[in-house]
Amino acid sequence: MAVDERDLLFSGSLLNGLTDPDGKDVDIIHWCGVQNLSEEQKERFHEEFSALNVLERCAQADIITDFEVDGFATGSDRYVKVMATDWQALKDELRNEIAEIIRNEL
């Protein structure tokens, strides 16, 4: 049996957001070390994008779907685990992705 060398970074869902392994809510802007955003930019970012949607753009993030819930009043949701072999490389990639989003999509 192969050993999984990835670290569990976050778990959660599209609608409920992500938490760290200790159960604390995760702000991906803070987690990856982005420091040069105004409060307005942070607010707009969080209104327009979910942490999971942004992490899905990152090759360093291994997103594993635990299960999906469909057909309730507000739509559907997907519960996931986010893992990475090199979490520092993921932080770097995520910083670049957030900068790209701020530059081009907000």
Side-chain angles (χ1 to χ4, degrees):
M1 179 184 216
V3 175
D4 191 344
E5 298 196 12
R6 299 174 297 178
D7 291 324
L8 174 64
L9 301 176
F10 317 118
S11 60
S13 75
L14 188 60
L15 295 178
N16 296 320
L18 299 175
T19 58
D20 68 15
D22 294 327
K24 296 178 183 158
D25 289 340
V26 173
D27 177 346
I28 61 169
I29 292 173
H30 178 62
W31 181 79
C32 73
V34 172
Q35 298 178 5
N36 59 343
L37 298 183
S38 68
E39 288 304 312
E40 180 183 337
Q41 287 173 312
K42 288 178 190 176
E43 198 172 298
R44 286 187 63 211
F45 177 87
H46 288 300
E47 287 173 359
E48 298 287 328
F49 297 91
S50 75
L52 184 56
N53 290 141
V54 178
L55 283 162
E56 286 175 327
R57 297 176 179 206
C58 298
Q60 295 291 327
D62 294 324
I63 299 172
I64 299 156
T65 299
D66 283 336
F67 61 93
E68 295 185 38
V69 179
D70 219 3
F72 55 94
T74 58
S76 61
D77 202 3
R78 180 167 58 120
Y79 290 81
V80 300
K81 290 181 181 136
V82 179
M83 302 180 80
T85 303
D86 184 345
W87 57 268
Q88 189 58 54
L90 176 57
K91 282 185 172 187
D92 294 342
E93 185 178 16
L94 191 53
R95 269 194 307 274
N96 291 334
E97 190 60 45
I98 291 170
E100 187 74 18
I101 288 169
I102 298 298
R103 244 189 329 273
N104 297 318
E105 298 183 41
L106 290 182

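Throughout, residue positions are numbered sequentially from 1 according to the sequence presented. What you are looking at is a predicted structure, and each value in this text was computed from that prediction instead of being measured.
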Rounded distance [0.5 Å steps], CG in Leu52 versus OG1 in Thr65: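 Going from CG on Leu52 over to OG1 on Thr65, the span is 8.0 Å.
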Separation of Asp62 CG from Asp7 CG (nearest 0.5 Å):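 Answer for the CG-CG pair, Asp7 versus Asp62, is 11.0 Å.
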Is a side-chain donor or acceptor of Asp86 paired with a backbone partner of Gln88 at a separation under 3.5 angstrom?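 Looks like yes, one N/O pair under 3.5 Å.
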Check the orientation of Phe10 and Trp31. Use parallel for under 30°, tilted for 30 to 60°, and perpendicular for over 60°.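 Phe10 and Trp31: perpendicular rings.
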Taking the side chain as C-beta and beyond, is there a heavy-atom pair between His46 and Asp27 under 4.5 Å?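 Yes - at least one pair of side-chain heavy atoms lies under 4.5 Å apart.
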State the OG1-NZ distance between Thr19 and Lys24, to the nearest 0.5 angstrom.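 It is 11.5 Å, given to the nearest 0.5 Å.
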Would you indicate whether the side-chain heavy atoms of Leu94 and Asp92 approach each other to under 4.5 Å?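 The answer is no; the side chains never approach within 4.5 Å.
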Judged by atom type as modelled, is there a donor-acceptor pair below 3.5 Å linking the side chain of Arg95 to the main-chain atoms of Cys32?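 Checked: pair present.
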I'd like to know if the side chain of Glu93 reaches the main chain of Gln60, judged simply by a donor and an acceptor atom lying under 3.5 Å from each other, with no hydrogens or angles considered.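 It does hold such a pair.
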Does the side chain of Phe45 reach to within under 4.5 Å of the side chain of Ile29, using non-hydrogen atoms?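 Touching, per the 4.5 Å side-chain cut-off.
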Can we say Glu39 and Lys42 salt-bridge, meaning some charged N sits less than 4.0 Å from an Asp/Glu carboxylate O?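 Yes.
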Within-4.5 Å side-chain heavy-atom neighbours: Val80 and Leu18: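 A side-chain contact under 4.5 Å exists here.
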Might you point out which heavy atoms bring Leu37 and Ile98 nearest each other, and give the distance in Å?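 Shortest heavy-atom contact: CD1-CG2, 4.3 Å.
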Close side-chain approach of Arg6 and Thr85, heavy atoms under 4.5 Å: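 Yes, side chains in contact.
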So Phe49 and Glu97, do their side chains get closer than 4.5 Å, heavy atoms only?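 When only atoms from C-beta onward are counted, Phe49 and Glu97 do not touch, as no gap falls below 4.5 Å.
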Does the side chain of Glu48 come within less than 4.5 Å of Ile101's, by heavy atoms?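 When only atoms from C-beta onward are counted, Glu48 and Ile101 do not touch, as no gap falls below 4.5 Å.
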